[in-house]
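Worksheet: one structure, shown below.
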Amino acid sequence: MRILLVRHGESAGNVDRSVHEKMADHAVPLSARGRVQARAAGERIAAYYRGAAPPPGHVRVWASPYQRTRETAAALVEGAGGILTDVREHVLLVEQQYGLFDGVPEEELAARFPAEHAHYDKCARFAGKFWARMPLGESRFDVAARVHQSFGTFQRDAAIEGIHDIVVVCHGVTLRAFVMMWCHLTPEWFDDEPNPPNCAVRVIDGGQDRGYLGP
């Protein structure tokens, strides 16, 4: 399979962190700049597929059902000019669940949740951030495990419908987890790998991580 992984465009929460204190994470929309980024990413994807060998057939977009990823997927389709065939959603592609810490500024965690923050901080320092679970939320290990469960859907589409090209629109931690699990990389790789920029497009081809498409 040939897979293009896209992090959502710049969101209102990327611009102003206080948005997360007023709005559920799944409801945060793109910023105006994020919509422009997403359309430009669609144009880059179209250019990539025009030069791809073998040429793509049906290209399905799979998106996280968060507002910012839905809006990114719609703008990608618009920018790609007919290259992207249809859009579907997969709930297992959502962002890491931050549980008790969701929407709370990082600098306020210790004061507002002293015991829970101390426990999480101890786990992160002792075992590493990949393994440390957010109180009432997920660890990065949990994200990797659930992202792996989504692979059966993509492999079924390839086997039954002949869809060998997909575009996955998701989130920074989710994208890294996808690359890690699909390419059989290690937790140490995950910890060393930074989150991608908004609307970066990463290519997996032949089971190998090919890196990001150029601007």
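Source: prediction; values computed, not measured.
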What orientation do Phe141 and Phe130 show, parallel under 30°, tilted 30 to 60°, or perpendicular over 60°?
perpendicular
Which label fits Phe151 and Phe154: parallel for a plane angle under 30°, tilted from 30 to 60°, or perpendicular past 60°?
tilted
What residue among Leu30, Val19, Asn198 forms side-chain contact (heavy atoms from CB on, under 4.5 Å) with Asn14?
Asn198
Identify whether the distance between the nearest side-chain nitrogen and carboxylate oxygen of Arg17 and Glu108 falls below 4.0 Å.
no
Strictly below 4.0 Å, N to O, side chains only: are Arg156 and Glu161 in salt-bridge contact?
no
Using the ring of each side chain (for Trp, its six-membered ring), is Phe101 parallel, tilted or perpendicular to Tyr120, with breaks at 30° and 60°?
perpendicular
Before you tell me yes or no, could you show the steps for Arg125 and Asp121 under salt bridge (Lys or Arg N to Asp or Glu O under 4.0 Å), namely the whole-Å CA-CA distance, both residues' side-chain angles and the distance that decides it to 0.1 Å?
CA-CA 6 Å; Arg125 285 185 287 105; Asp121 187 59; 2.9 Å; yes
Can you check whether Val167 reaches Arg60 side chain to side chain, under 4.5 Å on heavy atoms?
no
Is the shortest heavy-atom distance from the side chain of Met134 to the side chain of Leu100 under 4.5 Å?
no
To check you understand the geometry: which heavy-atom pair defines the closest contact between Pro196 and Arg7, and what is its length?
O-NH1, 2.7 Å
Checking side-chain contact (heavy atoms from CB on, under 4.5 Å) against Met181, which of His148, Arg176, Gln149 comes through?
His148
Will you find, in the side chains of His58 and Asp86, an N or O donor that is under 3.5 Å from an N or O acceptor?
yes
Pairing donors with acceptors under 3.5 angstrom, does anything connect the side chains of His171 and Ser64?
yes
